[in-house]
Amino acid sequence: MTINATVKEAGFKPASRISSIGVSEILKIGARAQAMKREGKPVIILGAGEPDFDTPDTVKDAACAAIKRGETKYTALDGTPELKKAIREKFQRENGLAYEQDEITVATGAKQILFNAMMATIDAGDEVVIPTPYWTSYSDIVQICEGKPVLIPCDAASGFRLTADKLEAAITPRTRWVLLNSPSNPSGAAYSADDYRPLLDVLLRHPHVWLLVDDMYEHIVYDGFRFVTPAQLEPRLKDRTLTVNGVSKAYAMTGWRIGYAGGPRDLIKAMAVVQSQATSCPSSVSQAASVAALTGPQEFLKERTASFQRRRDLVVNGLNAIDGLDCRVPEGAFYTFSGCAGMLGKVTPSGKTIETDTDFCAYLLDDAHVAVVPGSAFGLSPFFRISYATSEAELKEALTRIADACARLS
Ligand SMILES: Cc1ncc(COP(=O)(O)O)c(C=O)c1O
């Protein structure tokens with residue numbers, strides 16, 4: 001055996017639990033778009049999942065004050081008492097939900113909350129029902145935990161929402177969780193009380209199934225949409241519901257990495273065991289900042305949402321004016337999820353046939369220098385997601401370029 005062969009055999013081998021998980025399509029497109037920008041191409045990136053607003057000054061000031069007070073050490077494992085209190089008050093004030101202090105957990109982003117919850121509860125082969133299109137991390141986290149994502153297609157005709165009959169059909173004795181996200185990344189679709197009711201009735205009939213709701217975009221809803229969360233609507237499900245939220249999107253605090261949840265204390269305790277061996281605790285300074293976010297002035301949320309709504313209208317109208325695209329009006333978040341079935345089968349000026357939404361998005365990037373994400377990355381095709389958390393001027397330019405690129409297809 002040669003030395004090279006020995007080295008090759010001893011080379012890196014990923015654990016099987018991550019071997020089926022690739023680098024996300026979103027990151028790949030982002031990397032390509034950035035590379036094109038570095039080459040001097042005028043690329044507009046409409047892929048980012050974060051608000052373009054700044055973190056409020058009151059929040060930044062609270063963080064500086066915490067540093068000056070010396071709050072720079074490890075904190076309590078799953079959240080400082082001050083932050084847990086602020087979260088309890090938030091749940092009571094905004095959602096009518098009463099949680100005790102030990103029914104609240106804080107982590108390094110809502111993503112870690114999801115990770116802790118799945119790690120703490122899933123055994124190999126346990127099933128997790130995920131309506132598609134879905135935020136890509138859901139299925140990846142379930143797979144890392146050796147669970148089985150059960151993906152349920154929810155098309156535009158059903159408003160990208162799960163229906164009771166589909167949920168009922170997906171539940172088996174192995175079902176551990178159902179994951180619901182409202183408003184949704186990527187579709188922007190939200191569940192009203194009437195949309196939720198039939199799903200909650202199904203869950204009442206299946207007491208072994210737990211419900212994880214991701215309310216991350218709670219504050220970004222339009223046209224007077226009334227946000228509700230399942231534990232509030234159906235108190236009989238509260239003792240098997242994890243209500244997940246965070247400061248990232250509402251308060252433009254994606255980099256501070258604080259997410260939180262309310263849920264039954266045994267689950268919260270088990271999640272703390274996972275966290276204790278992953279990160280020990282969330283950042284002390286970010287927790288102090290999050291107290292200020294949750295207890296400080298909230299008026300700016302309305303102004304920011306109004307600004308997002310103007311941009312949503314601009315994008316939805318712009319897309320629907322293009323032959324072959326079909327964009328549903330989203331109730332919330334800052335994404336459009338537009339159908340592009342009318343583009344399939346068309347031929348680009350360089351002679352390539354567009355066969356999939358991935359092809360369409362590659363064409364938009366190459367030809368129009370606009371980076372958007374194909375629906376395939378979120379488990380539903382043929383669609384593409386635009387994040388409109390960018391300036392109106394940039395959105396207008398992007399829409400003009402997309403329209404021109406589509407007109408060049410034959
Ligand atoms: C639906 C949804 N949930 C959770 C998160 C994670 O947020 P955090 O920054 O708190 O980890 C995101 C971020 O993109 C998201 O889109």
Side-chain angles (χ1 to χ4, degrees), residues 49 95 114 127-139 142 149-171 175 177-206 209-234 237 241-245 249 309 312 316 319-320 326-341 357 373 375-387:
N95 311 113
L114 291 164
E127 295 173 6
V128 178
V129 174
I130 304 173
T132 78
Y134 58 90
W135 182 45
T136 46
S137 292
Y138 293 154
S139 73
V142 169
V150 177
L151 306 176
I152 313 292
C154 301
D155 56 16
S158 59
F160 299 118
R161 294 186 198 94
L162 183 62
T163 53
D165 51 338
K166 283 187 181 172
L167 174 58
E168 185 78 61
I171 292 175
T175 307
W177 288 96
V178 174
L179 302 193
L180 296 179
N181 171 214
S182 166
S184 148
N185 175 7
S187 72
Y191 290 79
S192 67
D194 287 348
D195 296 323
Y196 267 136
R197 188 67 254 169
L199 301 178
L200 306 184
D201 288 341
V202 171
L203 290 174
L204 284 172
R205 291 198 292 276
H206 297 279
V209 179
W210 285 50
L211 174 62
L212 187 153
V213 288
D214 180 343
D215 293 344
M216 180 54 75
Y217 295 91
E218 165 177 13
H219 289 289
I220 309 173
V221 289
Y222 309 124
D223 303 322
F225 180 88
R226 236 188 124 242
F227 174 86
V228 281
T229 193
Q232 162 192 26
L233 284 175
E234 183 43 86
L237 287 177
T241 297
L242 187 68
T243 305
V244 179
N245 212 316
K249 316 287 173 167
Q309 182 164 334
R312 176 202 65 169
V316 171
L319 291 174
N320 281 332
D326 181 15
C327 186
R328 177 183 176 274
V329 182
E331 288 86 11
F334 38 74
Y335 310 104
T336 57
F337 199 64
S338 175
C340 56
D357 51 13
V373 186
S376 56
F378 309 100
L380 198 71
S381 291
F383 292 91
F384 65 102
R385 187 191 79 170
I386 283 180
S387 165

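For this chain, numbers begin at 1 and follow the sequence in order.
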Can you find a side-chain donor-acceptor pair between T229 and N95 that sits under 3.5 Å? no

One should read off an interatomic distance between L319 CG and S338 OG, to the nearest 0.5 angstrom, of 5.0 Å

With a cut-off of 6.0 Å (strictly less than), are more than 12 heavy atoms of other residues, nucleotides or ligands near CZ of R205?
yes

### Message
Students often mix this up, so state it plainly: with edges at 30° and 60°, are the rings of F337 and F383 parallel, tilted or perpendicular?
### Response
parallel

For T175 and A170, the nearest pair of non-hydrogen atoms, with its separation, is OG1-O, 3.9 Å

### Task
Kindly indicate, with the supporting measurements, whether the criterion side chain to side chain donor-acceptor pair (under 3.5 Å) is fulfilled by S192 and D194.
CA-CA 5 Å; S192 67; D194 287 348; 5.2 Å; no

Value for NE2 (H206) from CD (E168), rounded to nearest 0.5 Å, stands at 3.5 Å

All heavy atoms of G379 vs all of T132, minimum pair found to be O-OG1, 3.5 Å

From the list V178, L211, T163, L180, side chain to side chain contact (heavy atoms under 4.5 Å, CB included) partner of L199 resolves to L180

TODO: Taking the side chain as every heavy atom from C-beta outward, state whether V142 and W177 have any atom pair closer than 4.5 Å.
DONE: no

Smallest heavy-atom separation, P186 atom then R385 atom, equals CB-CD, 3.4 Å

Margin query: So does V129 get a backbone contact from the side chain of Y138, meaning a donor-acceptor N/O pair under 3.5 Å?
Written below: no

Quick one, F334 and I220 - any side-chain contact, counting heavy atoms below 4.5 Å?
yes

Shortest non-hydrogen pair, T243 vs A231, comes out as OG1-CB, 4.0 Å

Distance col, row S182:OG vs D195:CG, nearest 0.5 angstrom, shows 8.0 Å

- prompt: Salt bridge or not for R197 and D201, using N-O below 4.0 Å?
  reply: yes

Smallest heavy-atom separation, A189 atom then G159 atom, equals CB-O, 3.2 Å

Do K166 side-chain atoms and P153 backbone N/O form a donor-acceptor pair below 3.5 Å? yes

Practice problem: Would you mind reporting whether W135 and L179 have side-chain heavy atoms less than 4.5 Å apart? | Solution: no

Q | Between Y217 and Y335, ring centroids under 6.0 Å | A | yes

Is the side chain of K249 donor-acceptor paired with the backbone N or O of G49 at a distance under 3.5 Å, no angle test?
yes

Here the pair of heavy atoms bringing S184 nearest to P133 is OG-O, 4.5 Å

Distance col, row L212:CG vs N181:CG, nearest 0.5 angstrom, shows 9.5 Å

One should read off an interatomic distance between F225 CZ and Q309 CD, to the nearest 0.5 angstrom, of 13.0 Å

So CG of N185 and OG of S137: to nearest 0.5 Å the spacing works out to 9.0 Å

| message | What I'd like to find out is whether the side chain of Y191 reaches to under 4.5 Å of the side chain of V213, using heavy atoms alone. | response | no

request  = Check whether any side-chain N or O of S158 sits under 3.5 Å from a backbone N or O of D155 as a donor-acceptor pair, and report yes or no.
outcome  = yes

- Query: Just wondering, do V316 and P330 contact through their side chains at under 4.5 Å, heavy atoms?
  - Reply: yes

- Message: Donor-acceptor check, side chain of E234 to backbone of L200, threshold 3.5 angstrom: yes or no?
- Response: no

Does the pair N320 and D326 meet the rule for a side chain to side chain contact (heavy atoms under 4.5 Å, CB included), with working shown?
CA-CA 6 Å; N320 281 332; D326 181 15; 4.2 Å; yes

Taking the side chain as everything from C-beta on, heavy atoms only, tell me whether V329 gets closer than 4.5 Å to Y222. no

Sorted by chain and number, sequence neighbours left out, side-chain hydrogen bond (donor to acceptor under 3.5 Å, both in side chains) with T336 holds for none

(message) I'd like to check L167 versus L203 (side-chain heavy atoms, cut-off strictly below 4.5 Å). Are they in contact?
(response) yes

Open item on the list: Using side-chain heavy atoms (C-beta onward) and a distance below 4.5 Å, is D357 in contact with F384?
Closed with: no

